[in-house]
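Reckoned from all heavy atoms, side chains included, excluding hydrogens, waters and symmetry mates. Protein chains get the first letters and strands the later ones, always in sequence-line order, with residue 1 at the start of each.
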Amino acid sequence: MNKRLPRKFYTQPTLKVAKKMLGKYLVRKIGEEQLIGKIVETEAYIGPQDKASHAYNYRKTKRNKVEYLVGGHIYIYLVYGMYWQFNIITGRRGSPECVLIRALEPIYPKRYALNPKIANGPGKLCRWMKLNKSFYGEDLTKSKRIWLEEGKEVKSNQIVASKRIGIDYAKEWAKKPWRFYIIHT
DNA sequence: GTACAGATTGAG
DNA sequence: TCAATCTGTACT
């Protein structure tokens, strides 16, 4: 049976976790129903040095304070007044780093697999899985309603790195190849 | 208290 | 190309 990923997975260096997360299954339990999506696109945000990060220069606000928790917690927030962004904290306690989940491929229930566009964007996957502020600070290693499982193996030659999206204001940091996705086969 | 931009999306 | 829509943040 598939096993929930342990704390150890999340406390590795952020860029490594961002890559390893590709192919993992994100499981969301809603009542008796389960939704499962394979992670196919991620972006890394490397805390204090990363100008595109909310925690740039160790900034700590009411919104991003969970980024300082140990890896495995959820950082979720609203952008543009209507879309949630689902991030997973990485690294150790006190190091504000995280990975943004940008896209899922629906696996289960089967009817969603026919509609791959339902979760192909950071705002859309949250709408699909009904993720909102109530998940702020939730622990993926303990939660009963959301967690990550070992999924399909992804070979390194199927992973592409490119620059991150929607953060042009961060200038040179916007060009870092810290967005990872699986080649569509 | 007030102003303003943003890790997006879908329609035109 | 552009509006929708609202919270956190930085300022007065």
### Message
Rounded to whole Å, how long is the line connecting atom NZ of K65(A) with atom C1' of dG8(C)?
### Response
13 Å
### Task
Could you check how far CG of N57(A) sits from P of dT9(C), rounded to whole Å?
15 Å
## Note on the structure
Ranking R127(A) and N87(A) by the position along DNA chain B of their nearest nucleotide, the one closer to 5' is N87(A)
### Message
Please name the nucleotide paired to dA5(B) by Watson-Crick or G-U wobble geometry with both distances under 3.5 Å, or report none.
### Response
dT7(C)
### Query
If you check the K124(A) side chain, which of dG10(B), dT7(C), dA10(C) turns out closest?
dG10(B)
### Summary
Per side-chain contact (heavy atoms from CB on, under 4.5 Å), F86(A) is matched among I146(A), L100(A), L104(A) by I146(A)
### Query
Are any of R59(A)'s side-chain N or O atoms less than 4.0 Å away from OP1 or OP2 of dA10(C)?
yes
#### Entry: Candidate nucleotides dT5(C), dG6(B), dT9(B), ranked by approach to the side chain of Y169(A) - the nearest
dG6(B)
### Query
Over how many whole Å does the gap from R63(A) atom CZ to dA5(B) atom P extend?
15 Å
#### Entry: Y77(A) (side chain) and dA7(B) (base): donor-acceptor pair under 3.5 Å
yes
### Query
Base, sugar-phosphate, or nothing: which does R179(A) touch, judged by heavy atoms less than 4.0 Å apart?
nothing
### Upstream residue (5' side of DNA chain C) when N64(A) and V79(A) are each assigned their closest nucleotide
V79(A)
### Task
Using whole Å, report how far OH of Y83(A) lies from C1' of dA3(C).
11 Å
### Task
Indicate whether OP1 or OP2 belonging to dA10(C) is found under 4.0 Å from a side-chain N or O atom of K62(A).
no
### Query
Rounded to the nearest Å, what distance is computed from the CZ atom of residue R102(A) to the C1' atom of nucleotide dT9(B)?
11 Å
### Summary
Of the listed dT9(B), dA10(C), dG8(C), the closest approach to the K133(A) side chain comes from dG8(C)
### Query
Is the closest side-chain donor-acceptor distance between Q85(A) and Y83(A) under 3.5 Å?
no
### Query
How far does the C1' atom of dT7(C) sit from the matching atom of dG10(B), given to the nearest Å?
22 Å
#### Entry: Euclidean distance, atom CD of residue Q85(A) to atom C1' of dG8(C) [Å, nearest integer]
15 Å
### Query
Hey, is the main chain of R7(A) close enough, under 3.5 Å, to the side chain of T141(A) for a donor-acceptor pair?
no
### Task
Report yes or no: do V160(A) and V99(A) belong to one cluster of Ile/Leu/Val/Met/Phe/Trp/Tyr joined by side chain heavy-atom distances under 4.5 Å?
no
### Query
Any ion pair linking E43(A) and R102(A) (charged N to carboxylate O, less than 4.0 Å)?
yes
### Message
What is the distance, to the nearest angstrom, from the CG atom on L78(A) to the C1' atom on dT8(B)?
### Response
11 Å
### Query
To the nearest angstrom, how far is Y80(A) atom OH from dA7(B) atom P?
6 Å
### T61(A) side-chain proximity, nearest of dA7(B), dT9(C), dA4(C)
dT9(C)
